[in-house]
Amino acid sequence: MMNTRVIDLPHHVGHQLTVRGWVTHFRSSGKIHFIVVRDGTGVVQCVYKHDQVQEPLATETAVTINGEVRKDVRSPLGVEIAVRHLEIIGESPDYPITPKEHGTDFLMAHRHLWVRSPRQSAILRIRAAIIRRARGFLDEHGFTVADPPIITPAAAEGSTTLFGIDYFGEPAFLSQSGQLYMEALAMALGKVYSFGPTFRAEKSKTRRHLTEFWMLEPEMAFVEFEESLRWQEQLLESIVSGALEDCAPDLLVLGRDLSPLERVKAPFPRITYDEALARLATLNLPVEWGEDLGAPHETALAEQFDRPVFVTHYPTALKAFYMQPDPHRPEVVLAADLLAPEGYGEIVGGSQRIHDPELLQQRLQQHRLPDVVYSWYLDLRRYGSVPHSGFGMGLERVVAWVAGLEHVRETTPFARTLNRVWP
RNA sequence: UCCUCGAUAGCUCAAUGGUAGAGCACCCGGCUGUUAACCGGGUGGUUGUAGGUUCGAGUCCUACUCGAGGAGCCA
């Protein structure tokens, strides 16, 4: 006898078949019992009459159920199963997560079980769809996936705090960005991207931060700043429309308002840092030229637009050493942050990279970064250097935005935050 | 690192300085169409830790621990 996925049951009305899964609810009114079973694809109610079940089935009991699929207008799925035979595969006494409310700490401590809930499963499917669409878009547009090392000898930008490890007695670090390596790979393969975990040891405690998160980092040879922005907005448009196509039921489970997502079409608006300051001044959030924008500023700016907005041409002094100064205005760089609507903040950061060897060396010195460590990086400018650009997209922030979540910790199966490395 | 808030039953939360309670979970019983099913009964407590004030502290004070939200920094 074949096992059938719950999601496919509506195609099998009138048939006798078997589903395997876990009991999410058990209700009984004496002689008739209702067993709600989840199998990872969907949820179906199974009706069991008379005294075929002697005792209640505990939440999350693993079962095999054989019976007839019947049409029923009372079922959200449209069908239910009239049980002929039920077998308990694994018992589940005292399942800790109840249908009532739980606090964040309790749920995160039981994350290994929490992922079974409909809401968490929906989020993980949306994450999967976003990954699939992002990779699909890049694969179809001539990018080659080429992943940089995770164990690295030094910081990419020298700014953020790294997790140190003992590499056979030598100090090494977990990567906080693969970008410098991606530049090397772009000179080999043209358009490349990496997709993998990234680590930041900063003591950030907000709904937008994880210490371990996944980043998509495309890097493109012969691509200048403007073209890079076009790649970014097309990628995001593709991701969001893909999620709407692939995950409509999951977004419904989450209660996501779809109208802001349906508006995510390229081109995205662009404002310069200077224009951002002018807008912020009218909002009573004044920022001195040369100061960085804080989270409240980003939220206020993003609220003025109905789709993601690029903020470009930041002061050179605020940004990383490798970013290309604007040739017409060297006090600003050809860099952009992409701010998501609805207060989700920066989801992409990118720039054109310096390709001139002298300028790069000079910038390294200004940032007091040792030439020795960056010698291989300088080689990229020594041998056939070309203009090139790239960007990094924070997967969890994009998932949180698309799914409409309060916190990024729900966007990854086992979130690593400042105060949690378990389970 | 800084600011704010919090910690009481397995979970979510109540409790004027005066006998620690409810809902859910769990156990027992009832119910032939339930949908976070419902109805009746029951089990369950070193009130985060250590000190202090008081006749008396879950409640007030001090320190610490842990957690949450935010800032900074970043994706």
Side-chain angles (χ1 to χ4, degrees), chain A residues 24-36 43-53 55-56 58-60 70 72-77 80 82 92-110 113-114 117-118 155-157 159-162 176-179 195 197-217 232 291-299 318-320 337-340 343-350 391-401 406-409 411-412 417-420:
Chain A
T24 67
H25 295 88
F26 179 88
R27 293 183 287 268
S28 174
S29 53
K31 296 289 194 303
I32 182 165
H33 316 288
F34 302 94
I35 308 163
V36 182
V43 170
V44 65
Q45 175 164 280
C46 307
V47 185
Y48 213 176
K49 287 193 173 165
H50 305 296
D51 51 359
Q52 291 161 309
V53 177
E55 54 191 46
T59 304
E60 290 303 317
R70 290 190 313 209
D72 194 302
V73 289
R74 289 165 293 195
S75 161
L77 189 65
E80 57 184 26
S92 175
D94 298 321
Y95 187 69
I97 299 179
T98 71
K100 294 283 177 176
E101 294 167 12
H102 296 287
T104 302
D105 189 42
F106 177 82
L107 289 170
M108 288 306 288
H110 293 82
L113 302 176
W114 190 25
S117 75
E157 307 178 24
S159 56
T160 49
T161 318
L162 301 169
Q176 52 115 18
S177 166
Q179 189 217 302
F195 179 61
T198 298
F199 306 88
R200 303 274 166 93
E202 283 162 354
K203 298 198 171 181
S204 299
K205 258 179 78 171
T206 80
R207 69 186 70 193
R208 301 181 306 281
H209 287 90
L210 299 171
T211 54
E212 175 182 327
F213 63 97
W214 283 61
M215 192 150 64
L216 184 74
E217 292 185 278
Q232 292 173 45
E291 281 179 18
D292 211 347
L293 306 181
H297 304 111
E298 290 184 351
T299 301
L318 287 179
K319 291 294 186 177
D337 288 348
L338 182 62
L339 308 181
Y344 285 95
E346 184 184 347
I347 51 173
V348 179
F391 57 93
M393 184 190 89
L395 176 70
E396 285 78 9
R397 286 188 184 175
V398 172
V399 176
W401 165 51
E406 284 295 309
H407 202 298
V408 290
R409 69 180 154 228
T411 65
T412 190
T417 58
L418 181 56
N419 292 311
R420 184 172 294 286

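Just so it is clear, the structure is predicted and the values come from calculations on it, not from any experiment. Just so we're on the same page: letters track the sequence lines, and every chain starts at 1.
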Counting only side-chain N and O atoms of [X], is one of them less than 4.0 Å from OP1 or OP2 of [N]?
{"X": "A:Arg409", "N": "B:G69", "value": "yes"}
{"X": "A:Arg208", "N": "B:G69", "value": "no"}
{"X": "A:Lys49", "N": "B:U32", "value": "no"}
{"X": "A:Asn419", "N": "B:A68", "value": "yes"}
{"X": "A:His407", "N": "B:G69", "value": "yes"}

Answer with yes or no whether [X] presents, from its side chain, a donor or acceptor under 3.5 Å of a partner atom in the base of [N].
{"X": "A:Lys205", "N": "B:A71", "value": "no"}
{"X": "A:Ser204", "N": "B:C73", "value": "yes"}
{"X": "A:Arg397", "N": "B:C74", "value": "yes"}
{"X": "A:Glu80", "N": "B:G33", "value": "yes"}
{"X": "A:His209", "N": "B:C74", "value": "yes"}

Could you tell me whether the side chain of [X] and the main chain of [Y] form a donor-acceptor pair under 3.5 Å?
{"X": "A:Thr161", "Y": "A:Glu202", "value": "no"}
{"X": "A:Glu396", "Y": "A:Trp214", "value": "yes"}
{"X": "A:Arg200", "Y": "A:Gln176", "value": "yes"}

Of the listed nucleotides ([options]), which one gets closest to any side-chain atom of [X]?
{"X": "A:Thr104", "options": "B:A68, B:U34, B:A75", "answer": "B:A68"}
{"X": "A:Asp292", "options": "B:C74, B:A75, B:A71", "answer": "B:C74"}
{"X": "A:Lys203", "options": "B:U1, B:G33, B:C74", "answer": "B:U1"}
{"X": "A:Thr98", "options": "B:G69, B:C24, B:G33", "answer": "B:C24"}
{"X": "A:Ser29", "options": "B:C26, B:C11, B:C31", "answer": "B:C31"}
{"X": "A:Ser28", "options": "B:A75, B:C31, B:C74", "answer": "B:C31"}
{"X": "A:Asp94", "options": "B:A36, B:A75, B:C26", "answer": "B:C26"}
{"X": "A:His102", "options": "B:U12, B:C31, B:A68", "answer": "B:U12"}

Checking all strands, does [X] fall into the base, sugar-phosphate, or nothing category for heavy-atom contacts under 4.0 angstrom?
{"X": "A:Ala295", "answer": "sugar-phosphate"}
{"X": "A:Val408", "answer": "nothing"}
{"X": "A:Gly345", "answer": "nothing"}
{"X": "A:Glu396", "answer": "nothing"}
{"X": "A:Leu210", "answer": "base"}
{"X": "A:Phe213", "answer": "base"}
{"X": "A:Arg420", "answer": "nothing"}

> Any idea which heavy atoms bring A:Val408 and A:Arg208 closest together, and the distance?
Replying inline: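 Residues A:Val408 and A:Arg208, closest heavy atoms: CG2-C, 3.7 Å.
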
> Do the ring planes of A:Phe106 and A:His102 sit parallel (below 30°), tilted (30 to 60°) or perpendicular (above 60°)?
Replying inline: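 A:Phe106 vs A:His102 ring planes: parallel.
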
> Over how many whole Å does the gap from A:Lys31 atom NZ to B:G33 atom P extend?
Replying inline: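 Roughly 11 Å, once rounded to whole Å.
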
